[in-house]
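These numbers come from a predicted model, not from an experiment. Reminder, nothing fancy here: chain letters follow the sequence lines and each chain counts from 1.
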Amino acid sequence: MEFETVIGLEVHVELRTRTKIFCSCAVEFGAASNSRVCPVCLGSPGVLPVLNEEALKLGIRAALALSCEVRRSSKFDRKNYFYPDSPKAYQISQYDEPIGERGCVVIAGTSAPRSIGITRIHLEEDAGKLTHSPFGDASLVDLNRVGIPLIEIVSEPDLRTPDEARQYLEEIKSILQYCGVSDCRMEEGSLRCDANISLRPVGQATLGTKTELKNMNSFRNVVRGLEYEQERQRAVLMAGGAIVQQTLRFDEATGTTIVMRSKEDAHDYRYFPDPDLPRIELTQAYLDARRAEIPELPAQMRARFEQAYGLPTYDALVLTSTQRLARFFDVAASQAVDPKAVSNWLMGDVLGYLKEMGEDIDAQPMRPEQLAGLLRLIDDGTISTKIAKTVLRDMMTSGQDASAIIEQQGLVQISDEAALREIAERVIAANPKSVEDWRAGKEKALGSLVGQMMKETKGKANPQLVNRLIVDMLRD
Amino acid sequence: MSAMRGLGIRALHHELAEGRLTASDLIQDSLAAIETADGRVGAFLHVTRERALTQASAGEGVSGVPAPARGLLAGIPFAAKDNLCVEGVPTTCASRILEGYVPPHTATAVRRIETAGGVLIGKANLDEFAMGSSTENSGFHPTHNPWDLTRVPGGSSGGSAAAVAAGFVPYALGSDTGGSIRQPAAFCGVVGLKPTYGLVSRFGLVAFASSLDQIGPLTRSVEDAAIVLQGIAGWDELDSTSVQVDIPDYLASLTGDVAGLRVGVPAEYFETDMDQGVRDRVMEALDTLRRLGAEVRTIRLPHTRYALSAYYLIAPAEASSNLARYDGVRFGVRANDAPNLLAMYERTRSAGFGPEVKRRILIGTYALSSGYYDAYYKRAQQVRTLIRQDFQTAFAEVDVIVSPTTPTPAFRFGEKADPLTMYLNDIYTIPVNLAGLPAISVPCGLQDGLPVGLQLIGRPFDEPTLLRAAHAYEQAAGFSGLRPTALGEVQ
Ligand SMILES: [Zn+2]
């Protein structure tokens, strides 16, 4: 029997606010345990939450960027549960009136682009972090994370393969990063993903029994976890068995899934409206202002790069991987004769050198206008491509214009035929063996002579001209 | 011996300003009275003796400044119900589970008074987590009614009411979730004001039922209530349910003039079981108001009979969530012998909470449970809306609504052992909290030697009219001078 996989994702994203969602504690990754806490986020008796408007703004911006309808009136609810990661014993979240609903994102898909539905986006506070003693005698609680603003993005069960799940995550991450909503660093936990997965016979409309997958801490592990679970479910179904609805934990070391709890253990969270927080009432003007904060999104940018600059899809994809790179390209390309050449330089030497330096495009001093300037100097023959590569590295460390570097280091290409002819005569005279070899039909000998020429001119000789001159002179 | 005897806040302020008394005199006086008689009353859980003396002497440097330059509350002692957090001062909510808890923050209402120079004398007893109507539910000791030590002072702000009635302090702060300021005020023959929900910041008030809780003063006169309200009212950035409204001059509203004031008497309230003596005192009060030129008419509040049920779903539901944090992990007492996390929760909470608190946590948990939410919590909220609408309709016709504060005067310890009978004591006060309205209880005479309270209810944020009516009645009726006799010469 042929099965179809059905996947839905629940993504938690930390909002990039300076302070927590209901108190004024700083949001910082990597601070000493329990050092970013106050009576409010610790749930001390008598304290009250006060909504950080920045979190609300980012939440709305995210909802709009993910094409959601934003509720003009919504509220916060309490999700009650006992666990030491929650000092109030409830989490402030949104239950039946989420800030955003009915959104979508478009992914490349397996064969054709697909629109993936977003059921809802809601605001909530993060919980603390528990570390369990390996000896089973104690648990350590770090409450720094308590109260960090989150949005939870729940997708429709529209994804059909583990790779589509990855594409969806990449797209969400990219959109939210472009909007300045979140860093989306999965390794730091600012983006977390749980997955629901089920299988059904191809052609069946109703969904099969699902399992929920947790603890996948990288995009790679999301794919690994889903692939494993997909195959596990397939094997169970093929053997005539039934899937048990349960929550599973992905184990990175073994690449398998481990049962955390079954459906019977499901909590009753006793949601009810939080009486400490007034309803959120939004005006159209407020929503319009949030919409105006949304920059050009990656999908729009990719399309524009392909159309306006004639880039291949692959180039557009690579160049829009981060907003900073995309903006760099956009400025450079708009000032260059050949945008594809800008793309080649960026995707090749620039990204290569950045990788070597371990830096981001914005962390190095070269501006996009300067890259365009460098490319113009190649075009007009001032420097060779080879010299340009050296100049580029200099630009990326010193931040100087290409022309200044060329001038200082005397790197202007020698295209003066008379001058080059004089040097060529000397080189030919000094290398009779190479001349003989060339005349004997050994093409490689030409390379040796050209190499000598470049050495004599410290690489500045116009390579095309040198080639032509030497061949001419040898033939004579 | 008592320099404070009989003097209201304004008179005390005058004495301080004229230099006839110092803040230290008042503090010493208050401490001496507590020392002499609180052993019999039990109004306090914690007396902040050293702190008060230090503050009083620190504040004396400014006591010579001419009166207009200093606030009326400067140098004057007060008590705070022990569910109001004060930094560095133990705050227990009269619960064993919070024994030893010292908050790192101060309630906004207390902070405002302290900033104005008021001096905290101590933390007053209450029913555990403000759940009760007699202060018998205190996890530490009961409080006795200064009018008759065999009777309860009411609750949950019983310690605050008793402390004012006994003359330990000129005023005290309490909190009112379903009548917890007004009912003990009535039982102890003092004035108790529950402001409009949102007028006084709840920051630092340990939550019982967040949508109903409100802090207010217990005083010996309406004027004092107006003065204290002036000191604590106003928007607070730390409480998002506090409302940004202009704060009027409450003292200026006490004109004594109620001619033409339209007074509503809710028929439904008088259809309930009520002591004849209470009924008589309230009728006399209505006569007094008529004599003053007020126009008394009967009104209908048709959903009154559902109020108690709605309250006993909403308040416990919120409480079940608010009190979940007392799990032994971070605050107060922890059961240390537990083999695992769940057992730690169970043992800590079983040992730490008293029976009434447990009862309400259970009711509230049940009301919010999946499958029951719609039938209980949601339905109760719908009733709440209807009750609010009842009042809205009534206030289209009248300016204040008048009723008894309680159906009976103070009862004896153990007399209302059945929780339902106890709950009925709040039948006239509870609808006011559900509607978020301001209301005040003022003494309207005695019944068998025990005080009876008259409740006046106002429009949202219309404390000026409410205080004006209460003050005019108080002045005309002349009961504000009544003092309990059970404590002998302390008074
Ligand atoms: Zn905090």
Side-chain angles (χ1 to χ4, degrees), chain A residues 21-24 34 37-53 56 75-92 95-96 128 130 132 136-141 143 146 265-280, chain B residues 83-85 91-93 98 101 103-108 129 198 201-207 209-213 236-243 314 317-318 320-332 341-342 344-345 349 364-373 377-378 381:
Chain A
I21 186 166
F22 298 119
C23 66
S24 51
N34 297 308
V37 292
C38 72
V40 174
C41 54
L42 291 180
S44 295
V47 299
L48 295 167
V50 176
L51 178 62
N52 174 356
E53 198 189 341
L56 174 65
K75 65 177 167 71
F76 285 105
D77 300 280
R78 292 187 184 177
K79 178 182 181 179
N80 295 285
Y81 68 95
F82 285 97
Y83 200 61
D85 68 353
S86 173
K88 299 190 296 295
Y90 60 82
Q91 178 194 28
I92 303 177
Y95 180 52
D96 53 351
L130 257 64
H132 303 288
D137 55 351
S139 295
L140 300 173
V141 187
L143 297 176
V146 168
D265 304 329
H267 288 288
D268 178 0
Y269 290 117
R270 291 174 285 116
Y271 282 100
F272 76 105
D274 192 330
D276 287 331
L277 291 159
R279 292 190 66 88
I280 306 166
Chain B
N83 60 354
L84 289 161
C85 291
T91 298
T92 65
C93 298
L98 273 178
Y101 175 68
H105 54 283
T106 297
T108 298
F129 283 105
S201 168
R202 291 187 296 116
F203 182 82
L205 168 67
V206 179
S210 313
S211 73
L212 300 158
D213 297 342
D236 178 13
E237 62 173 2
L238 299 176
D239 175 4
S240 10
T241 63
S242 80
V243 180
I314 293 168
E318 293 181 8
S320 71
S321 173
N322 284 331
L323 271 60
R325 72 191 63 191
Y326 310 111
D327 56 8
V329 177
R330 293 208 63 253
F331 310 111
L341 184 66
L342 188 62
M344 184 186 94
Y345 289 152
R349 290 166 69 79
T365 304
Y366 189 79
L368 290 175
S369 295
S370 123
Y372 297 98
Y373 180 91
Y377 184 80
K378 198 173 164 193
Q381 290 291 7

- Query: Pick from Ser211(B), Ala107(B), Ser369(B): which one has the most heavy-atom pairs with chain A under 4.5 Å?
  - Reply: Ser369(B)
- Task: Please report the closest heavy-atom contact between Arg202(B) and Pro275(A), naming both atoms and the distance.
- Result: NH2-O, 4.1 Å
- What option among Leu84(B), Asp327(B), Leu205(B) has the most heavy-atom pairs under 4.5 Å with chain A? Leu205(B)
- Rounded to the nearest 0.5 Å, how far apart are OG of Ser370(B) and CG of Asp268(A)? 4.5 Å
- Can any side-chain N or O of Ser240(B) pair as donor or acceptor with the backbone N or O of Pro49(A) at less than 3.5 Å? yes
- For Lys378(B), does the NZ atom have more than 12 heavy-atom neighbours from other residues, nucleotides or ligands under 6.0 Å away? no
- Query: So which of Gly371(B), Ser321(B), Gly204(B), Ala324(B) has the largest heavy-atom pair count under 4.5 angstrom toward chain A?
  - Reply: Ser321(B)
- Item | chain A contacts, top residue of Leu238(B), Val329(B), Leu212(B) (heavy-atom pairs, under 4.5 Å) | Leu238(B)
- Task: Kindly give the heavy-atom pair with the smallest separation between Ser44(A) and His105(B), and that separation in Å.
- Result: CB-CE1, 3.7 Å
- Message: Heavy-atom cut-off 4.5 Å, strictly under: side chain, backbone, both or neither for Asp276(A) against chain B?
- Response: both
- Identify which part of Ala317(B) has an atom lying under 4.5 Å from any heavy atom of chain A, answering side chain, backbone, both or neither. backbone
- Item | Polar side-chain atom of Arg330(B) near backbone of Pro87(A) as donor-acceptor pair, under 3.5 Å | no
- Query: Counting only heavy atoms not in Tyr372(B), do more than 12 fall under 6.0 Å of its OH?
  - Reply: no
- For the pair Arg325(B) (side chain) and Gly43(A) (backbone), establish whether a donor and an acceptor sit closer than 3.5 Å, ignoring hydrogens and angles. yes
- Looking only at heavy atoms, what is the nearest atom pair of Leu48(A) and Phe203(B), with distance? CD1-N, 3.6 Å
- CG-OH distance between Leu368(B) and Tyr271(A), expressed to the nearest 0.5 angstrom: 13.0 Å
- Measuring heavy-atom distances to chain A, does Asn83(B) have an atom under 4.5 Å in its side chain, in its backbone, in both, or in neither? neither
- Shortest non-hydrogen separation from Thr241(B) to Leu277(A) and the atoms involved: CG2-N, 4.5 Å
- Message: With a 4.5 angstrom heavy-atom cut-off, is it the side chain or the backbone of Ser201(B) that approaches chain A, or both, or neither?
- Response: neither
- Message: With a 4.5 Å cut-off on side-chain heavy atoms, are Thr365(B) and Arg270(A) touching?
- Response: yes
- Message: Please verify the inter-ring angle class for Tyr345(B) with Phe82(A); under 30° counts as parallel, over 60° as perpendicular, anything in between as tilted.
- Response: tilted
- Query: Does any heavy atom of chain A fall under 4.5 Å from the side chain of Tyr326(B), the backbone, both, or neither of them?
  - Reply: side chain
- Message: Do Ser210(B) and Arg78(A) have side chains that approach each other closer than 4.5 Å (heavy atoms only, starting at C-beta)?
- Response: yes
- Item | Gln381(B), part contacting chain A, at a heavy-atom distance under 4.5 Å | neither
- Let me know if Tyr373(B) has heavy atoms under 4.5 Å from chain A in its side chain, its backbone, both or neither. side chain
- Query: Given that the side chain runs from C-beta out, which part of Leu341(B) has a heavy atom under 4.5 Å from chain A: side chain, backbone, both or neither?
  - Reply: side chain
- Between Cys38(A), Ser86(A), Ser139(A), Pro84(A), which has the largest tally of heavy atom pairs under 4.5 Å with chain B? Pro84(A)
- Message: Looking only at heavy atoms and a cut-off of under 4.5 Å, which of Asn80(A), Val47(A), Leu42(A) has the most pairs with chain B?
- Response: Leu42(A)
- Note on the structure: OG (Ser320(B)) and CZ (Phe272(A)) are apart, to the nearest 0.5 Å, by 6.0 Å
